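Scroll down for the structure; my scribbles are underneath it.
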Amino acid sequence: MDAGRRDVLKAGSGVSLLALLAAAGWLKPGEAQAADWNKAAFEAKSMEETVKAFGGGTPATSKDITFFSTPDIAENGAVVPIGVASALPKTEQIAILVEKNPNMLAATFDIPAGTEPSLTTRVKMGQSSNVYALVKADGKYYVASKEVKVTLGGCGG
Amino acid sequence: MADPMRIRANVDASGVTEVKVLMNHEMETGQRKDASGKTIPAWFIQNVTATHGGRTVLSAQWGPAVSKNPFLSFKFKGAQKGDKVQVTWVDNRGDKRTDEATIA
Amino acid sequence: MRTRALYAGLLAAAGIVAAPQAAAQDAVKEIEKYREALQDGNPAELWEARGEDLWKRPAGPRKVSLEKCDLGLGPGVVKGAYAQLPRYFADADRVMDLETRLVHCRMTLQGLTREEATKQPFGAGTDRKSDNDALVAYVTAESKGVKMNVPLAHPKEKEMYALGEKMFYFRGGPYDFSCATCHAADNTRIRLQDLPNLTKPAGAQLAYTGWPAYRVSQGELRTFQWRLNDCFRQQRFPELAFTSDASIALTSFLARNANGAEFKAPTIKR
Amino acid sequence: MHKTLFAAACAAALAGCAGTSPSGGGSDAAVRAKAVDVMKASFKERGIAKLDRLIQDETQALCSQYATTAPPKDVAARIEKANMALIKPPADGQYLGDWKRGEQVAQRGTGFQYSDTEKTPVGGNCYACHQLSKQEISYGTIGPSLYNFGKLRGFTPEMQKYAWGKVYNAHAYAACSNMPRFGAQGILSEQQLKDVVALLMDPKSPVNQ
């Protein structure tokens, strides 16, 4: 699983993104209003574009990010439970991405101090795919992946 | 108007409050077609904010890939039994819903 | 149409191709984990809450609530009522399942017409919410943990059960299907879904006590009337009418066969 | 489909078939007849699914009657003989179509439901009940595994003909089989039937790998 993930991530070039990170305002205090929705990130088609839209550089693979309550096989792609926990110090943000969805980013969570860097939600998956947990901790981006297969079911039709 | 959320919040002995939220929402992707072949417009929750005593304990941005009738669970510190947790969502049409639960 | 995902996905997983039988077993085990992960946070609760509100809120031309509705254990008794349905109701001189009884109460107590009380029996999204679904969710949830105890004393209860049994084995339509085609053998599955043997207590208990259910594939709470209706769709039959006698007869047969088991619904399913 | 196999008179009043009733008594047949009446009053036509689908042909009526016990030998023989007579070989005598298209037919589960239309592609939904190719792990077990069907039985003309007949009308070989009569009931076209036979019998088909 790891090999495939690295291939995807290698594609991202971190250099020019660092400048964007500096200019990025998405964590500025007072900006977390209801109207704050990162359109560019949700329209991104790749991990590279998504992280760029967040204002980050190439994420490093991390073993400190774990999936829990996340099945290897989902009986239905309409509801796939995903649990993500980060053991990285100063985790500020957790995002869930589905590689083969039309837009990769499904959800992103800001984790204030006092809130545990661990949460669960449910996402749609159009087909079997890698799921990524992208974590921002102490200003840097990290990522872990897990493959989830989506099955056909029932009587058909 | 949107139907209420179901919010459960429980604090354990170590002072960690677990919050579980179920929301009523179609979370329409904008990629499906109706019977006549017309695209059903996207309609989904974009922002979720949970607060405790005026302090934000979680904020989220969602896309249409979050499942219909969304479920979310998370944990935070600093609350006590009897406190209130408020959850607000806002969708891409500007509809909004706020509900609260008492921490048990 | 369903996504054709697994096929390609699994071709890639080399280990699995070598041993298809074992892979299917592993897949079944993994799907169990998927089901477990869904148990916490069942959107059926959203229906239960709406149903409780509908039950208690004055409505209809007579502006009364359903709180005086007799579900078989006396007016207003909801707790445990579903575990003893269908049953014979003297006031209607008819065996009724829950949904038929709810229609009856909404007509006799609230003054709705039959058309009003039976319209939109099954939900289909926000624009077509079903009051029936919500009421059923509320009433059935009030039987959680209660043992199934469907009576079979009144001659009309016996007749309904016997008719339901015959209907279960009725083969028809272009595909020659009956309920029994899929639900009369042990340890079979359709695709990867286990099929309960509804002719034996263990299978009937497992199946019946798991409905209604929130179906994640549809994003809707589905009632037992819906379950029967959709089975017949897949059997290639015409449409089973909501609260028809055949629906009550089949429900009587299956519910009675589930006697002794603890009721668990509303559940969450694929 | 939709030509009912034999005259449906027997089904319309099942009591009339009481001569073959397992219990011999009239009461079981009477309950069955009443159940049929109640069903006819309980269904409504919807889309392509009309009420005539509740009219049983003789095979359906007998297989309903003997659903809990196997049909007696003479009844089984009668059902098999009548259904065998309905099997028509392909017009050009070629049993093998294209296994790739056969795989699509085997995967597809739509057709003939009231939620379908006349235009909905019709499938055989073989994987719902059978294992076929080993790549597809989402298969059912209502019917036997057909993996290596041709490889195990031999790629002979006789076996091609048998596979054709089995898919065309399973009741000809096993009275009251659970399997739909894909040819005799007009579910699949002649080309689709050939494609499914190819899936089973073509040495290159994934079923035989």
Side-chain angles (χ1 to χ4, degrees), chain B residues 1-10 12 18-45 48 50 58 60 62 64-75 85 87 89 91-97 99-101 104, chain C residues 1-3 5 34-57 59 120 122-138 140-142 144 212-223 233 265-270:
Chain B
M1 198 187 75
D3 282 330
M5 286 176 245
R6 296 280 276 178
I7 307 170
R8 291 222 170 93
N10 289 286
D12 67 14
E18 183 174 26
V19 184
K20 294 177 183 177
V21 191
L22 278 165
M23 305 171 198
N24 256 300
H25 207 284
E26 283 298 304
M27 300 302 288
E28 191 62 60
T29 58
Q31 311 209 349
R32 294 197 313 148
K33 292 195 164 92
D34 66 15
S36 63
K38 229 177 71 191
T39 301
I40 305 170
W43 179 31
F44 58 97
I45 293 173
V48 180
L58 189 77
W62 285 358
V66 170
S67 301
K68 181 174 174 177
N69 296 317
F71 174 70
L72 165 67
S73 79
F74 65 96
K75 294 172 178 176
V85 175
V87 180
W89 59 251
D91 70 20
N92 67 324
R93 291 183 187 173
D95 282 347
K96 194 174 168 171
R97 172 96 211 174
D99 290 284
E100 67 174 26
Chain C
M1 212 89 8
R2 286 156 209 273
T3 39
Y34 169 82
R35 290 173 187 160
E36 263 174 51
L38 286 184
Q39 291 314 308
D40 193 13
N42 182 351
E45 285 182 31
L46 300 168
W47 274 256
E48 292 166 27
R50 195 160 63 85
E52 183 171 7
D53 183 60
L54 284 169
W55 181 264
K56 292 177 175 169
R57 179 187 300 214
Q120 196 60 34
F122 312 125
T126 296
D127 302 335
R128 291 168 60 202
K129 277 195 178 168
S130 156
D131 288 352
N132 171 65
D133 286 350
L135 287 164
V136 169
Y138 165 61
T140 56
E142 290 290 304
K144 251 186 195 175
Y214 179 80
R215 287 292 296 268
V216 303
S217 49
Q218 300 162 12
E220 294 284 343
L221 180 116
R222 295 307 191 190
T223 66
R233 177 182 68 86
T267 58
I268 181 166
K269 291 179 197 281
R270 171 180 75 78

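All values derive from a computational prediction rather than experimental measurement. Sequence lines set the chain letters: A, B, ... in the order given, protein chains first and strands last, and positions in each chain run from 1.
For M23(B), the part lying under 4.5 angstrom from a heavy atom of chain C is the backbone only. Looking at P70(B), there are no atoms closer than 4.5 Å to chain C (heavy atoms on both sides), in backbone or side chain.
Checked against ring pair (Phe, Tyr, Trp, His ring centres under 6.0 Å), F71(B) has no partners two or more places apart in sequence or in another chain.
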Are there donor-acceptor atom pairs under 3.5 Å between chain B and chain C, and if so which?
| unit_1 | atom_1 | unit_2 | atom_2 | d |
| --- | --- | --- | --- | --- |
| D3(B) | OD2 | K129(C) | NZ | 2.3 |
| R8(B) | NH1 | E45(C) | OE1 | 3.4 |
| R8(B) | NH1 | E45(C) | OE2 | 3.1 |
| R8(B) | NH2 | E45(C) | OE1 | 3.3 |
| K20(B) | NZ | D40(C) | OD1 | 2.9 |
| K20(B) | NZ | D40(C) | OD2 | 2.8 |
| E26(B) | OE2 | T126(C) | N | 3.0 |
| E26(B) | OE2 | T126(C) | OG1 | 2.9 |
| K68(B) | NZ | G219(C) | O | 3.3 |
| N69(B) | ND2 | Y214(C) | OH | 3.0 |

